[in-house]
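Right, one structure below, let's go through it.
By convention in this document, chain letters (A, B, ...) are assigned in the order of the sequence lines, proteins followed by strands, and residues within each chain are numbered from 1. Excluded from the calculations below are hydrogen atoms, water molecules and symmetry mates; all remaining heavy atoms, backbone and side chain alike, are included.
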Protein chains: 2
Amino acid sequence: MSRAKSDTKARAQAVARELFLRQGVRRTSLQDIADRLGITKPALYYHFSSREELVRSIVQPLIEDGDAFIAEAEARADDDPRVLLEGYFDFQFAHREVVALMIRELVALADLGLVAKVLDWRTRLAVLLVGEDPPLADATRATVALGGLSDCVMVFADQPVEAVRAAAVAAALDALGR
Amino acid sequence: MSRAKSDTKARAQAVARELFLRQGVRRTSLQDIADRLGITKPALYYHFSSREELVRSIVQPLIEDGDAFIAEAEARADDDPRVLLEGYFDFQFAHREVVALMIRELVALADLGLVAKVLDWRTRLAVLLVGEDPPLADATRATVALGGLSDCVMVFADQPVEAVRAAAVAAALDALGR
DNA sequence: GTCTATATGCTGATAGAC
DNA sequence: GTCTATCAGCATATAGAC
């Protein structure tokens with residue numbers, strides 16, 4: 001009875017996830033998804049009451065798991081940072097497709113070669129920091145240092161520049177293990 | 001003669017930057033920009049041959065400065081990581097508005113509360129890592145650790161999970177100064 | 001569950017007057 | 001430099017038959 005339920009719904013979500021990831025959420029129309037499924041747009045509306053509901057259905061699991069992870073971590077606020085970081089990593093890894101979807105949403109600017117540029121810069125900066133073809137350990141150090149530095153510029157935009165710069169660079173250097 | 005040139009063009013770019021930042025590039029139409037300027041759409045086409053050219057004109061300075069920065073850094077490949085990191089920070093800070101524009105492009109998903117969620121999680125994780133209202137030095141350490149960890153999940157998606165996790169967590173812990 | 005047909009609105013873009 | 005008028009295209013969404 002409950003077997004072989006609405007197969008189309010699941011297929012639609014899978015196709016949507018793929019298209020969202022490849023070409024961005026906003027520039028993926030219901031038409032694109034319907035075409036890929038070999039059905040028509042109105043058929044999609046049988047499974048999802050709106051476009052937004054379709055998007056939400058894909059993102060929902062990440063949100064729920066995230067809330068659960070944080071709640072658990074806060075409940076046992078005693079454990080060491082390592083456990084916390086590992087858990088956060090695992091959580092993100094489990095949802096890496098949707099996380100990637102978030103990041104690739106920058107695809108809107110990728111047309112301008114911006115994202116490619118920034119990734120290229122980071123790659124070359126990483127070479128300067130840890131050399132060509134570094135062992136994974138050093139490569140991740142460079143990524144943490146550069147990625148973390150970027151985040152600080154945005155996160156602490158309201159703080160005094162010099163103080164942020166000094167603190168951020170210090171943390172990045174620690175991440176590099178220098 | 002060259003004074004008081006095309007004021008409208010500069011105003012259009014300023015308005016566009018603001019709207020792009022507030023509501024994302026894709027969902028900002030020429031109509032929105034024209035309305036804000038108190039002119040009509042066709043008037044915009046006098047200053048920009050296409051929508052894409054308008055977007056590009058805003059992003060171009062970042063790209064040019066970035067290329068220049070990398071070229072210089074590579075030319076003097078001798079200096080220590082600290083100088084490099086500081087330079088990279090300064091470069092990003094000078095263009096923080098456009099950098100923010102890139103990041104806020106995630107606004108497409110912000111409607112779903114996703115970005116707010118992730119920022120909220122990070123804030124709360126930072127509390128667990130470095131406590132409530134930490135000094136700026138610790139706050140940045142947490143940001144580098146969490147931001148860098150996130151980046152690693154994506155950047156090394158093709159590498160063995162366990163190895164990436166170990167390396168990324170190690171670098172994050174160093175960034176934390178623990 | 002899926003279809004055809006259609007409503008309605010907004011998009012980027014152009015033609016041509018002033 | 002800015003306007004009015006207009007285009008074709010595509011979007012989300014709905015009505016109703018099968």
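When distances run from any side-chain atom of Y45(B) to the nucleotides dC3(D), dT14(C), dT4(C), the shortest one goes to dT14(C). Distances from the side chain of I39(A) to the nucleotides dT11(C), dA11(D), dC3(C) place dC3(C) closest. When distances are taken from the side chain of A43(A) to each of dG12(C), dA13(D), dC3(C), the shortest belongs to dC3(C).
One finds no side-chain N or O of T8(B) lying less than 4.0 angstrom from the OP1 or OP2 phosphate oxygen of dG1(D). An OP1 or OP2 oxygen of dT11(C) is reached within less than 4.0 angstrom by a side-chain nitrogen or oxygen of S29(B). Regarding contacts with the backbone of dC3(C), a side-chain N or O of T40(A) is found under 4.0 angstrom from either OP1 or OP2. An OP1 or OP2 oxygen of dT2(D) is reached within less than 4.0 angstrom by no side-chain nitrogen or oxygen of Y46(B).
Taking atom CZ of R27(B) as the reference point, atom C1' of dT12(D) lies 14 Å away to the nearest angstrom. I33(B) has its CD1 atom 11 Å from the P atom of dT11(C), to the nearest Å. Rounded to whole angstrom, the span from the NZ atom of K41(A) across to the C1' atom of dT14(D) amounts to 11 Å. Between the NE2 atom of H47(B) and the P atom of dG1(D) there is a distance of 6 Å, rounded to whole Å. For D32(A) and dA11(D), the CG to C1' distance is 11 Å, given to the nearest whole Å. Taking atom CD on Q31(A) and atom P on dT2(C), their separation rounds to 16 Å, with Å as the unit.
In this structure, M102(B) and V59(B) have side chains that are not in contact, with every pair of non-hydrogen atoms separated by 4.5 Å or more.
Cation-pi geometry between R96(B) and F93(B) is met: under 6.0 angstrom from the ring centre, within 45 degrees of the axis.
Closest non-hydrogen pair, E105(B) versus V25(B), comes out as OE1-N, 2.9 Å.
Between R22(B) and T28(B), the side chains place no donor N or O within less than 3.5 Å of an acceptor N or O (distance only, hydrogens not considered).
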